[in-house]
Amino acid sequence: MSQPEKSGTTESSATPAYRLLSLDHQTALEHAEARLREEFATMFDLAAIHHYLHSSYDEFASRATVTRYLPLLAERFGRQRLQALAKVQGKVARPRPTVLFLCTHNAGRSQMALGFFAHLAKGRAVAWSGGSDPGQALNPAAVAAMAEIGVDIANEYPKPWTDEIIRAADVIVTMGCGDTCPLVPGPRYEEWFIDDPAGLPLHQIRPIRNTIRTRVEHLLTELGVAV
C-alpha cells in the first residue's frame with residue numbers, strides 16, 4: 001500500500017489545524033474520509049487517505065478568513081491530490097490527458113482557463129489549477145464574465161499546487177507566476193502571456209476571457225480532444 005508523500009505545500013511547526021477542530025468540522029471530516037476511503041479503497045491505505053484529507057484541511061485553515069466550508073474544500077482538494085497520486089503511481093488504467101493551469105493567486109486567469117477546459121473537454125481530458133500565492137476567493141468580475149457565456153466557475157476556489165499534482169500533469173500552462181512556477185522534468189510547459197483581470201471592470205475582462213477560450217480550444221485540439 002502507498003505511504004503518504006510529502007506535499008509541495010509548506011509544513012507548519014504549529015499545532016496542526018485538524019487537532020483543534022470544532023465538533024461540526026470533525027464530524028464533516030469523518031464523513032469526508034469515509035467517502036474517500038470508499039472511492040480509493042483499492043489504491044491507497046487508510047493512513048494515506050487520512051493524510052491527504054487532513055493536510056488539505058490544514059492548508060486551507062492556515063489562511064482562511066471564513067471557515068464554514070473548510071471540510072468541503074479539504075475533501076475536494078484531498079480527492080484531487082489522491083487522483084493525481086494515483087496517476088503518478090500508475091494506478092489509473094486509462095489515464096486521460098491532464099493539464100495544470102497556474103497563475104499567482106488562482107483567482108482569475110487560471111480559473112477561467114480551467115472553466116473553459118472542463119466545459120469543452122466534457123470529461124475526455126482532466127484539468128486542474130493552482131496558484132503560487134492563492135487568494136481568498138475568486139475574482140467576482142471573472143466569475144461574472146464566464147457566467148455571461150454559460151460557464152459557471154462560481155464553485156471553484158483558490159488553491160496551491162502540490163508535488164503530486166505537478167508530477168501528474170502532462171501539460172503545465174503558466175500565466176504570470178514567473179520564477180515561482182514549478183519546473184520539473186516530464187511535463188510540457190507553455191507560458192501564456194495574458195493580462196491579469198484583477199481589479200478590472202467586466203467590460204475589460206471580456207477580451208481576456210475570449211483570448212483564454214481560444215487558447216484552451218487550441219490546446220485541446222493539440223491533445224486530440226475534439227472541441
Side-chain angles (χ1 to χ4, degrees), residues 2 4-12 17 36 40 44 48-49 51-64 70 72-89 92 95-118 121 125-139 142 153 155-194 196-198 212 215-216 219 223:
S2 301
E5 297 195 6
K6 183 179 179 182
S7 168
T9 57
T10 301
E11 297 292 340
S12 171
L36 292 177
F40 294 97
F44 303 112
I49 293 170
H51 166 76
Y52 281 101
L53 174 64
H54 284 277
S55 61
S56 296
Y57 182 94
D58 292 347
E59 169 61 41
F60 292 110
S62 67
R63 54 188 174 83
L70 286 179
L72 174 61
L73 296 182
E75 180 179 358
R76 291 176 63 185
F77 194 44
R79 177 176 288 106
Q80 177 179 313
R81 295 173 65 193
L82 288 166
Q83 290 169 343
L85 187 60
K87 183 181 179 186
V88 169
Q89 295 184 349
V92 179
R96 293 168 291 174
T98 302
V99 176
L100 177 60
F101 296 104
L102 301 178
C103 65
T104 302
H105 300 304
N106 193 217
R109 290 166 291 185
S110 57
Q111 293 284 2
M112 296 166 78
L114 173 63
F116 276 127
F117 194 101
V126 176
W128 298 317
S129 69
S132 56
D133 182 21
Q136 293 294 330
L138 266 60
N139 179 343
I153 62 172
N155 290 326
E156 289 299 328
Y157 54 100
K159 51 197 170 296
W161 59 71
T162 60
D163 292 343
E164 65 279 347
I165 288 173
I166 291 292
R167 291 187 288 118
D170 300 304
V171 181
I172 295 178
V173 177
T174 62
M175 290 176 274
C177 51
D179 293 340
T180 62
C181 283
L183 184 61
V184 297
R188 166 185 145 201
Y189 281 83
E190 290 191 13
E191 174 73 19
W192 290 2
F193 296 98
I194 297 174
D196 189 349
I212 291 173
R215 287 180 176 268
V216 169
L219 177 58
L223 292 173

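Here the structure is a predicted model, which means the values were calculated and not measured. Each residue takes its place number in the sequence, starting with 1.
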To the closest 0.5 Å, what do you measure between [atom1] ([X]) and [atom2] ([Y])?
{"X": "Asn139", "Y": "Ile153", "atom1": "CG", "atom2": "CD1", "value": "8.5 Å"}
{"X": "Leu82", "Y": "Leu85", "atom1": "CG", "atom2": "CG", "value": "7.0 Å"}
{"X": "Leu73", "Y": "Tyr57", "atom1": "CG", "atom2": "OH", "value": "10.5 Å"}
{"X": "Glu156", "Y": "Ser129", "atom1": "CD", "atom2": "OG", "value": "6.0 Å"}
{"X": "Phe193", "Y": "Thr174", "atom1": "CZ", "atom2": "OG1", "value": "7.5 Å"}
{"X": "Leu114", "Y": "Cys103", "atom1": "CG", "atom2": "SG", "value": "10.5 Å"}

Could you walk me through whether Gln89 and Phe44 pass the side chain to side chain contact (heavy atoms under 4.5 Å, CB included) test, one step at a time?
-> CA-CA 11 Å; Gln89 295 184 349; Phe44 303 112; 3.5 Å; yes
Please give me the minimum heavy-atom distance between [X] and [Y], naming the atom from each residue.
{"X": "Ser56", "Y": "Ala74", "result": "CB-O, 3.7 Å"}
{"X": "Leu138", "Y": "Asn106", "result": "CD1-O, 4.2 Å"}
{"X": "Ala84", "Y": "Ala168", "result": "O-CB, 3.6 Å"}
{"X": "Gly135", "Y": "Pro158", "result": "O-CB, 3.3 Å"}
{"X": "Arg79", "Y": "Leu36", "result": "NH2-CD2, 3.7 Å"}
{"X": "Leu100", "Y": "Ala169", "result": "CB-CB, 4.0 Å"}

Tell me, please, which residues at least two apart from Arg76 pass side-chain hydrogen bond (donor to acceptor under 3.5 Å, both in side chains).
-> none
For [X], side chain to side chain contact (heavy atoms under 4.5 Å, CB included) partners two or more places apart:
{"X": "Val126", "value": "Arg96, Thr98, Trp128"}
{"X": "Arg63", "value": "Glu59, Phe60, Pro134, Gln136, Pro160"}
{"X": "Ala118", "value": "none"}

For Val173 and Phe117, run side chain to side chain contact (heavy atoms under 4.5 Å, CB included): C-alpha distance rounded to whole Å, both residues' side-chain angles, the deciding distance at 0.1 Å, then the answer.
-> CA-CA 12 Å; Val173 177; Phe117 194 101; over 6 Å; no
Just wondering, do [Y] and [X] contact through their side chains at under 4.5 Å, heavy atoms?
{"X": "Thr162", "Y": "Tyr52", "result": "no"}
{"X": "Gln111", "Y": "His105", "result": "no"}
{"X": "Leu219", "Y": "Trp192", "result": "yes"}
{"X": "Arg167", "Y": "Pro187", "result": "no"}

Contacts of Arg215 that satisfy salt bridge (Lys or Arg N to Asp or Glu O under 4.0 Å) - sequence neighbours left out |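 Checked Arg215 against salt bridge (Lys or Arg N to Asp or Glu O under 4.0 Å); zero matches.
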Salt bridge (Lys or Arg N to Asp or Glu O under 4.0 Å) partners of Asp196, counting only residues at least two apart =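 Applying salt bridge (Lys or Arg N to Asp or Glu O under 4.0 Å) to Asp196 gives Arg109.
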Polar side-chain atom of Asp133 near backbone of Thr104 as donor-acceptor pair, under 3.5 Å = no
Between Glu75 (side chain) and Leu53 (backbone), is there a donor-acceptor pair under 3.5 Å?
-> no
Chi angles and distances behind the side chain to side chain contact (heavy atoms under 4.5 Å, CB included) call for Asp170, Arg188 | CA-CA 6 Å; Asp170 300 304; Arg188 166 185 145 201; over 6 Å; no
